[in-house]
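Following: one structure in structure tokens, then a few remarks.
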There are 2 protein chains.
Amino acid sequence: MSTRQRRRVTIADVARHAGVSTTAVSKVLRSAYGVSPAMRDRVRAAIDELGYRPRAAARAMRGRTYTIGVLLPDLRNPFFPDILDGLYEQLAATDYQAIIVTGGPDAKAESRAIDALVDRQVDGLLMVAPRVARARLEEVAGQVPAVVLGLHEKSARYDTVLDDDEVGAELVVGHLIGLGHRRIAHIGQRAVGRGRAAATLHEIRAATYARVMREQGLEGEIAVALTSYSEEGGYQGARELLARSPRPTAIFAGADQAAFGALTALHEAGLSVPADVSLAGYDNTRLAGLSQISLTSVDQDGGVMGRTAGRLLLERVEGRRSAVRFSVTPTLVPRRSTAPPPDSVA
Amino acid sequence: MSTRQRRRVTIADVARHAGVSTTAVSKVLRSAYGVSPAMRDRVRAAIDELGYRPRAAARAMRGRTYTIGVLLPDLRNPFFPDILDGLYEQLAATDYQAIIVTGGPDAKAESRAIDALVDRQVDGLLMVAPRVARARLEEVAGQVPAVVLGLHEKSARYDTVLDDDEVGAELVVGHLIGLGHRRIAHIGQRAVGRGRAAATLHEIRAATYARVMREQGLEGEIAVALTSYSEEGGYQGARELLARSPRPTAIFAGADQAAFGALTALHEAGLSVPADVSLAGYDNTRLAGLSQISLTSVDQDGGVMGRTAGRLLLERVEGRRSAVRFSVTPTLVPRRSTAPPPDSVA
DNA sequence: GAACGCGTGGGTAACGTTACCCGAATCGGC
DNA sequence: GCCGATTCGGGTAACGTTACCCACGCGTTC
């Protein structure tokens, strides 16, 4: 019973048991060319009998790890599972296994997390909304096939999958203006040392908000709180915005997660949604659809994004070098959290 | 610039650059015995200059991977990030990196996910609420140091970290009875082929619910819907329970996630919470605290559980063989989703 | 002053898998 | 019935790192 001690069964054991060479076993494992059906069956039988499983490390020494690394900023954003479901669906038919690491709070920690994946020789790397500098992404993409999700920067080294955040933000702000709002505020994510290029999804959302406001002659009403796309960030941002005078009649949170935090702040301030303040989010996470919350949000098809990212990654692993850019057009999902402003003449 | 093609820098490159042997470099890397301060500095300098990073696969061939594998049933349960924060905190001071895989819908898929981690020779394995059979867990624990979180089974092969689900369920049912409820229903998770032993956390919660009901002379009021600890499962479960006549005045969902789904079902049925039906969950996820939801729930300190799991895992990696069992006592967090039943005489 | 011990550094053989190459056998075409 | 082509199987050398051992030189002890 002391399985711990017993040496794990290797390709040599299988070869001996089947009475063939290790080369033959290896060929069967990889379904490589030059092996007869009889040989295949014999080896397969030996593999099953011995319960043999190839060691990833030994394979990695010679080539593939059959591993796809996924970098997530955190595990709390309920939008990420949608992406991953799409990725899993794409990988299901292959021998590849996805492993997830989280990037942590700052660019430095995230960079270490990326290193950890590169050290483990993942065959492909999916980086979701990375915070590290563009140069770092290029460097990583030089070492391993990479797809970046959620960054608007163009690159010749990696593929990009993104939501058209400009359209999404336009939809939200347009919707609020259409309802009669003028004092529309925005909760965004503070940029952290990625240089000047406005390329992250939160920067695009914030910039588009400001642009639409200006285009509608509401330049003077622009009010932005930059915190983070998290519950805590939304809470702080909303508190900051509500403290202003006059206070906004609508808040566009750059992410549902932040909108949830804003809900708490609004409640604490004794304000009701949407009677006193309208609130909209982004991502259309499942919780947004809950009747008690019923949050107006922007739907970006995470499943499609994840599937596409997976497909692009597999293509890159197979050798494609040209860079692809895939964009999903989002749609607005109006719910009960947005309504005409309180003093509107309907 | 063609970094992709350039061979990655190895220990031999560092040795050459520093004018020492590869053995010496290896010793410095592992801070092993038998290396002078001068040697150490020289090698460190060479490492920095060349930007050397050890390859995990090559290390794995000789021993450790410095990787901790984490198996999660899914990514949507907001309780899991709390656990992982605790684990990360524990690992932060070490060289270990956590990688996450998800188990998928059934025991078979989960078993494959576990295999994937074992194949990658993780130094330790944390399995959160695993669905696979006990024998499988024992087998895995025989191959790699393992900690199981959320299962009440005892084992001599792996450590166990759990919440005292019996206390938790008692708190909820007691709370509801104290409010005057009698027709209290439960939404649980359907057991999937783990044999007869009632050891999963959902089985304990369901069994305790039934026990307390019986103890309070409410045996005739027992009503259970077995679906799954997910939004969809909660939705289906609540619909099933609400279709009964007379319908329950309170629902105890075995997980907040399921309670969220139940909320939708209640809303669709035109019932308000808590005026018509009281609702309680389990896990005290962040969303439960949202004022719009304000869900009565049971708090089990996920951070402590994660930290403990991490500590136990590290101890096991260091050689401990005895099995440890760590239990956290939960507390009730009453919120506005529970109140006396509608026809109570207060 | 010889013997011993200790501190320090290096040589080398694994670890398990695959890619490359080569040889043997079989087959088809004239 | 011979020759080239094709198919099938095996031998072997890596891949990068570490554990084990040995060698050398210096200081200490009788």
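Residue numbering restarts at 1 for every chain, and letters A, B, ... go by the order of the sequence lines.
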Quick one: side chain to side chain donor-acceptor pair (under 3.5 Å) partners of [X], sequence neighbours excluded?
{"X": "A:S228", "result": "A:S230"}
{"X": "B:Q90", "result": "none"}
{"X": "A:D159", "result": "A:R316, A:R320"}

Inset, instruction - Any chance you could measure A:L84, atom CG, to A:M305, atom CE, to the nearest 0.5 Å? - result: 12.0 Å

Legend entry - Approximate separation, where rounding is to 0.5 Å, of A:D95 CG and A:R64 CZ: 10.0 Å

Legend entry - Under the salt bridge (charged side-chain N to carboxylate O under 4.0 Å, His left out) test, residues paired with A:D115 that sit two or more places apart: A:R136, B:R53

Inset, instruction - Check salt bridge (charged side-chain N to carboxylate O under 4.0 Å, His left out) between A:R307 and all other residues, then give those that pass, not counting sequence neighbours. - result: A:E89

Legend entry - Minimum heavy-atom distance between A:A129 and A:P73, given as atom pair plus value: O-CG, 3.8 Å

Legend entry - Residues from residues 31-50 of chain A lying under 4.0 Å of DNA chain C - heavy atoms: none

Legend entry - DNA chain C contacts made by residues 16-26 of chain B, counting heavy atoms under 4.0 Å: B:V20, B:S21, B:T23, B:A24

Legend entry - Side-chain donor-acceptor pair present, A:T65, A:D123, cut-off under 3.5 Å: yes

Legend entry - Any donor-acceptor N or O pair under 3.5 Å, side chains A:T67, A:R120: no

Restricting both atoms to N or O, compile the protein contacts to nucleotides 24-26 of chain C shorter than 3.5 Å, with distance only.
none

Inset, instruction - May I have all residue pairs that pass salt bridge (Lys or Arg N to Asp or Glu O under 4.0 Å) and include part of residues 10-38 of chain B, sequence neighbours excluded? - result: B:R7-B:D13, B:D13-B:R16

To the nearest Å, how far apart are [X] [atom1] and [N] [atom2]?
{"X": "A:I11", "N": "C:dT17", "atom1": "CD1", "atom2": "C1'", "value": "6 Å"}
{"X": "B:M61", "N": "C:dT12", "atom1": "CE", "atom2": "C1'", "value": "16 Å"}
{"X": "B:D13", "N": "D:dT17", "atom1": "CG", "atom2": "C1'", "value": "13 Å"}
{"X": "A:R64", "N": "C:dA19", "atom1": "CZ", "atom2": "P", "value": "9 Å"}
{"X": "B:R30", "N": "C:dG9", "atom1": "CZ", "atom2": "C1'", "value": "13 Å"}
{"X": "A:D119", "N": "D:dT17", "atom1": "CG", "atom2": "P", "value": "10 Å"}
{"X": "A:K27", "N": "C:dA19", "atom1": "NZ", "atom2": "P", "value": "11 Å"}

Legend entry - Salt bridge flag under 4.0 Å for residues B:D106 and B:R112: no

Legend entry - A:R62 side-chain proximity, nearest of D:dT17, D:dG9, C:dG16: C:dG16

Inset, instruction - Taking only the side-chain heavy atoms of B:L29 (C-beta and beyond), determine which of D:dT18, C:dG16, D:dG16 contains the nearest atom. - result: D:dT18

Inset, instruction - Any pair with a residue in residues 9-58 of chain A that passes ring-ring contact (aromatic ring centres under 6.0 Å, His included), sequence neighbours left out, goes on the list, sorted by first then second residue, please. - result: none

Legend entry - Phosphate contact (C:dT17 OP1 or OP2) by A:R55 side-chain N/O below 4.0 Å: no

Inset, instruction - Verify the contact: side-chain N or O of A:Y66 to OP1 or OP2 of C:dT18, cut-off strictly under 4.0 Å; return yes or no. - result: no

Inset, instruction - Check ring pair (Phe, Tyr, Trp, His ring centres under 6.0 Å) between B:Y96 and all other residues, then give those that pass, not counting sequence neighbours. - result: B:Y66

Inset, instruction - To the nearest 10°, let me know how far the axis at one end of the helix from C:dG1-D:dC30 to C:dC30-D:dG1 is tilted from the axis at the other, five pairs an end. - result: 40°

